[in-house]
Amino acid sequence: MNKIRKASLIELPKFLDKRGNLSFIEEFNQIPFSIARSYWIYDVPGGEIRGGHAYRENEEFIVALSGSFDILIDNGEEVQRFHLNRSYYGLYIPKGLWRSMENFSTNSLALVLASTPYTPEDYIYNYTEFKKTYDKETNSL
Ligand code: TYD
């Protein structure tokens, strides 16, 4: 039986320098998956909510490269809120969790590293379906 997986904050390496700071991410090092895709969310108007869905297979790591926003993670039983506002840490989100993003600050920039190519069939957009099919023991959909 797979263990129950949870979203978790991961601190990234940080090279502080008077010329400016530097952080980085390597697959299977800072994050526990191979990066198949990167995308970013930007120019979000105040009050908008993004990403209300779950993935059957895709895992993600999200960093606030600029500004701040909240990520809400729902495991079918409880909702956790993570506030991201620094570029030297991010949120790892295993597959099978319902996630949404809100409370975007002006000029915020969300970098998302994903474990699979874009696959529309991997999405569950219906919350009732998510609740119905979510298996807490295996965290699979
Ligand atoms: P979508 O995943 O619905 O955004 P959100 O996470 O906020 O719900 O994606 C919005 C649009 O962008 C949708 O038409 C599909 C397209 N898209 C791609 O083509 N490739 C990608 O990697 C992603 C994430 C989205």
Side-chain angles (χ1 to χ4, degrees), residues 1-17 19-141:
M1 184 173 65
N2 295 334
K3 66 177 166 40
I4 297 169
R5 283 181 283 177
K6 293 179 69 172
S8 52
L9 290 170
I10 295 176
E11 183 139 359
L12 300 169
K14 181 167 60 169
F15 286 85
L16 301 179
D17 192 310
R19 300 170 301 155
N21 301 335
L22 182 150
S23 291
F24 63 87
I25 301 164
E26 292 169 336
E27 55 188 13
F28 293 126
N29 193 348
Q30 287 76 30
I31 57 172
F33 60 85
S34 160
I35 301 165
R37 176 168 51 111
S38 309
Y39 64 94
W40 45 99
I41 297 169
Y42 54 98
D43 291 348
V44 179
E48 285 295 339
I49 298 175
R50 302 268 337 189
H53 52 66
Y55 299 112
R56 291 181 171 82
E57 288 302 326
N58 188 42
E59 301 168 59
E60 289 188 332
F61 184 71
I62 304 180
V63 186
L65 285 186
S66 178
S68 65
F69 48 84
D70 292 347
I71 305 178
L72 276 73
I73 300 293
D74 183 339
N75 68 5
E77 297 208 329
E78 58 183 20
V79 180
Q80 268 185 298
R81 179 183 292 270
F82 295 90
H83 183 63
L84 299 192
N85 63 354
R86 293 283 184 270
S87 55
Y88 54 79
Y89 68 85
L91 185 68
Y92 168 64
I93 308 173
K95 66 181 178 180
L97 298 170
W98 187 270
R99 70 133 174 94
S100 57
M101 301 166 71
E102 64 180 36
N103 202 19
F104 287 88
S105 69
T106 305
N107 290 331
S108 56
L109 170 59
L111 172 68
V112 186
L113 304 178
S115 68
T116 66
Y118 177 63
T119 313
E121 305 76 47
D122 193 45
Y123 284 66
I124 293 186
Y125 282 112
N126 184 309
Y127 187 78
T128 310
E129 185 190 344
F130 162 74
K131 285 278 278 187
K132 217 165 44 191
T133 52
Y134 182 83
D135 178 337
K136 194 164 181 290
E137 295 226 294
T138 62
N139 196 16
S140 60
L141 290 167

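When a ligand or atom number is given, it counts from 1 through the structure's own listing order. Note that the structure is predicted; figures quoted are calculated from it, not measured.
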Report task. Keeping the roles fixed (side chain from K95, backbone from R56), state whether a donor-acceptor pair exists under 3.5 Å. Result -> no
Report task. Sort and list the pairs that fulfil salt bridge (Lys or Arg N to Asp or Glu O under 4.0 Å) and have at least one residue in residues 36-45, not counting sequence neighbours. Result -> none
Query raised in the report: Between Q30 (side chain) and L12 (backbone), is there a donor-acceptor pair under 3.5 Å?
Result: no
Quiz: residues 106-117 side-chain donor-acceptor pairs under 3.5 angstrom, not counting sequence neighbours:
from	atom 1	to	atom 2	distance (Å)
S108	OG	S105	O	2.9
S115	OG	N58	OD1	3.4
S115	OG	E59	N	2.8
T116	OG1	N58	OD1	3.1

Query raised in the report: Centres of the F28 and F33 rings: under 6.0 Å?
Result: no
Requested in this report: Output the set of protein residues with a heavy-atom contact under 4.0 Å to ligand 1, ordered first by chain identifier and then by residue number.
Outcome: R37, Y39, R50, G51, H53, Y118, Y123, Y125
Report task. Hey, could you give me each pair passing salt bridge (Lys or Arg N to Asp or Glu O under 4.0 Å) that has a residue in residues 101-115? Not counting sequence neighbours. Result -> R81-E102
